[in-house]
Amino acid sequence: MALRRLLLRYFPPGIILEYIEGGESKTRSIDLLDLRPDTDVTALVEEIQKREPLITASCLEHVIHLVQRLQEKLGENQNHKFSLFKVLRTHVLPLTNVAFNKSGSRDKIATGSFDKTCKVWSTETGKCYHTFRGHSAEIVCLSFNPQSTLLATGSMDTTAKLWDLEKGEEVATLNGHSAEIIALSFNTTGDRIITGSFDHTVAVWDVGTGRLLHTLIGHRGEISSAQFNWDCSLIVTGSMDKTCMLWDAVTGTHIATLAGHSKEVLDVCFDYAGQRIATASADGSARVYNAGTKQCIAKLEGHEDEISKVCFNPKGNCILTASSDKTARLWDAATGHCLQVLEGHADEIFSCAFNYKGDTIITGSKDNSCRIWH
């Protein structure tokens, strides 16, 4: 094995090793999820060197320098105020969801609609790349895979579909739910996808074969949201039964139930490191839980109506929420303090997302527009 080069991964923090083995180019990553602004970098890299044969004495200084750069990025004070950059008028019928592609280059967004189609757009020019048709009812959820080669759509027709973004065509239909699919998400390697349904279950699928692997049964109401954590070991689900549940992603067994909301849980998500969970509820509040201790560590209160969407920024220090009160809000993830209110939509906001770098936000509203904020 010969090391070719080292690459930085900012979110979540890590180093990617490119190396040659048996004449083939390969990569593997070292996750640094516990890196903090006060971590002793030299000691950390010496520990890594003991476990990683590709990191030799000759490149030790370089690795220390790279980890210090990661540490600086983590320590940056992000008091960025977002302002409106562009408004996209997207579909004739109302929008249902928006998503950013996962890779850092050339931002694309996908929009789903009541018109049963999904469209893929450029955030820079507003140009439409593809319109995907094939569902027999409205598309209510969508997600890019991590490689940004596939787009998944979930529909009120009880199916999910996978679309090839290069060719612009359907590659698979996932059949198995007995009611509408309203949530879906890929894991970070892109080989698994989960779908959440009004039938109260979450299904785990193999992306390559389209085969159903597990069904997660335990919620007593419709599923609103489902997501994998970073290392693909856990799944978090939110439900109309007012709870959020944690599951073992490999075996499909139930681990814990997170309670506390007084009304339906409408969205759940992990931070990029998979150490915290955020929940959004029809009770107008969002909550942050520690994924390890399962304890609530912050409450985000200030919206005047239900919160339909919640997400962490890539760094994990900021949370974005979208609400029926026509605003989106930015919050300090540690304290629960509101940092900024994004106003301007004429109707309820049901979707919001950060891009990979965390410097662009998109909000989708029932006013039929998407707003891009820089």
Side-chain angles (χ1 to χ4, degrees), residues 7-12 14 16 18 25-29 31 86 88 90 95-113 117-134 139 141-154 160-174 183-195 205-210 226-232 269-272 274 309 311-315 320 351-364 370 372 374:
L7 301 167
L8 272 186
R9 188 188 66 209
Y10 283 115
F11 309 119
I16 295 174
E18 269 192 17
S25 182
K26 295 184 178 179
T27 63
R28 67 169 172 250
S29 60
D31 292 340
K86 193 184 280 270
L88 295 179
T90 49
L95 277 170
T96 57
N97 216 326
V98 293
F100 262 106
N101 66 338
K102 302 288 197 300
S103 53
S105 62
R106 277 217 314 277
D107 280 336
K108 284 181 189 160
I109 56 166
T111 56
S113 167
T117 73
C118 168
K119 292 177 187 251
V120 181
W121 310 80
S122 158
T123 56
E124 284 159 29
T125 64
K127 174 181 169 243
C128 180
Y129 292 115
H130 299 296
T131 302
F132 294 132
R133 293 182 176 86
I139 292 169
C141 50
L142 36 90
S143 179
F144 288 92
N145 70 341
Q147 296 79 20
S148 294
T149 54
L150 292 175
L151 180 74
T153 54
K161 288 181 185 286
L162 301 178
W163 309 85
D164 185 309
L165 286 167
E166 201 55 41
K167 296 177 183 159
E169 59 191 40
E170 183 185 323
V171 288
T173 299
L174 309 180
L184 50 74
S185 179
F186 285 95
N187 66 355
T188 43
T189 50
D191 63 342
R192 299 277 183 273
I193 187 169
I194 43 179
T195 53
W205 310 82
D206 182 292
V207 171
T209 63
Q227 201 185 42
F228 285 94
N229 69 340
W230 171 258
D231 68 6
C232 311
C269 68
F270 281 103
D271 66 356
Y272 261 9
K309 199 83 180 163
C311 58
F312 284 90
N313 69 341
K315 232 169 106 170
L320 177 64
S351 195
C352 60
F354 281 100
N355 68 339
Y356 173 76
K357 288 182 184 165
D359 60 5
T360 303
I361 285 170
I362 185 158
T363 51
C370 282
I372 297 168
H374 282 182

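Fair warning: this is a prediction, and the values are worked out from it, not measured in the lab. FYI, the numbering just counts along the sequence from 1. Reckoned from all heavy atoms, side chains included, excluding hydrogens, waters and symmetry mates.
Judged by distance alone, the side chain of Gln227 and the main-chain N or O of Phe270 form a donor-acceptor pair under 3.5 Å. Panel note: side chain Asp271, backbone Phe312; no donor-acceptor pair is recorded below 3.5 Å. In terms of modelled atom types and a separation under 3.5 Å, the side chain of Thr188 and the main chain of Trp230 share a donor-acceptor contact.
By the ring pair (Phe, Tyr, Trp, His ring centres under 6.0 Å) test, Trp163 pairs with Phe132, sequence neighbours left out. For Asp191, the side chain to side chain donor-acceptor pair (under 3.5 Å) criterion is met by Asn187, Thr189, not counting sequence neighbours. Not a single side chain to side chain donor-acceptor pair (under 3.5 Å) links Thr27 to another residue, sequence neighbours left out. With sequence neighbours left out, the salt bridge (Lys or Arg N to Asp or Glu O under 4.0 Å) criterion links Glu169 to no other residue. With sequence neighbours excluded, the residues that form a side chain to side chain contact (heavy atoms under 4.5 Å, CB included) with Ser351 are Asn97, Val98, Lys309. Residues that satisfy the salt bridge (Lys or Arg N to Asp or Glu O under 4.0 Å) test with Lys26, not counting sequence neighbours, are Glu21.
In this structure, the separation between CD on Glu124 and CD1 on Ile372 is 9.5 Å, given to the nearest 0.5 Å. In this structure, the separation between OH on Tyr129 and OG on Ser122 is 4.0 Å, given to the nearest 0.5 Å. Phe354 CZ to Phe100 CZ: the interatomic distance, rounded to the nearest 0.5 Å, is 10.0 Å. Rounding to the nearest 0.5 angstrom, the gap separating the CG atom in Leu162 from the CH2 atom in Trp205 is 10.0 Å. From Asn101, atom CG reaches atom CD1 of Ile109 across 10.0 Å, with rounding to the nearest 0.5 Å. Rounding to the nearest 0.5 Å gives a distance of 13.0 Å between NZ of Lys161 and CG of Leu151.
Annotation for Ala99 and Phe144: closest pair O-CE1, 3.5 Å, computed over non-hydrogen atoms. Considering all non-hydrogen atoms of both residues, Ser185 and Ala226 come closest at CB-O, 3.3 Å. Residues His130 and Cys128 approach most closely at O-SG, 3.5 Å, considering heavy atoms. Closest non-hydrogen pair, Cys141 versus Ala183, comes out as SG-N, 3.4 Å. The nearest pair of heavy atoms linking Leu184 to Gly154 is CD2-N, 3.3 Å. Shown here for Cys269 and Cys311, the closest heavy-atom pair between the two residues is SG-CA, 3.7 Å.
Aromatic pair Tyr356/Phe11: centroids less than 6.0 angstrom apart.
With a 4.5 Å cut-off on side-chain heavy atoms, Val207 and Asn145 do not count as touching. The shortest side-chain heavy-atom distance between Leu150 and Ile193 does not fall under the 4.5 Å cut-off. You'll find the side chain of Ser148 stays beyond 4.5 Å of the side chain of Lys108, heavy atoms only. Leu320 has its side chain out of reach of Asn313: every pair of non-hydrogen atoms, C-beta onward, lies at least 4.5 Å apart.
Under the side-chain contact (heavy atoms from CB on, under 4.5 Å) rule, Val120 has a single partner from Leu165, Thr131, Thr111, which is Leu165.
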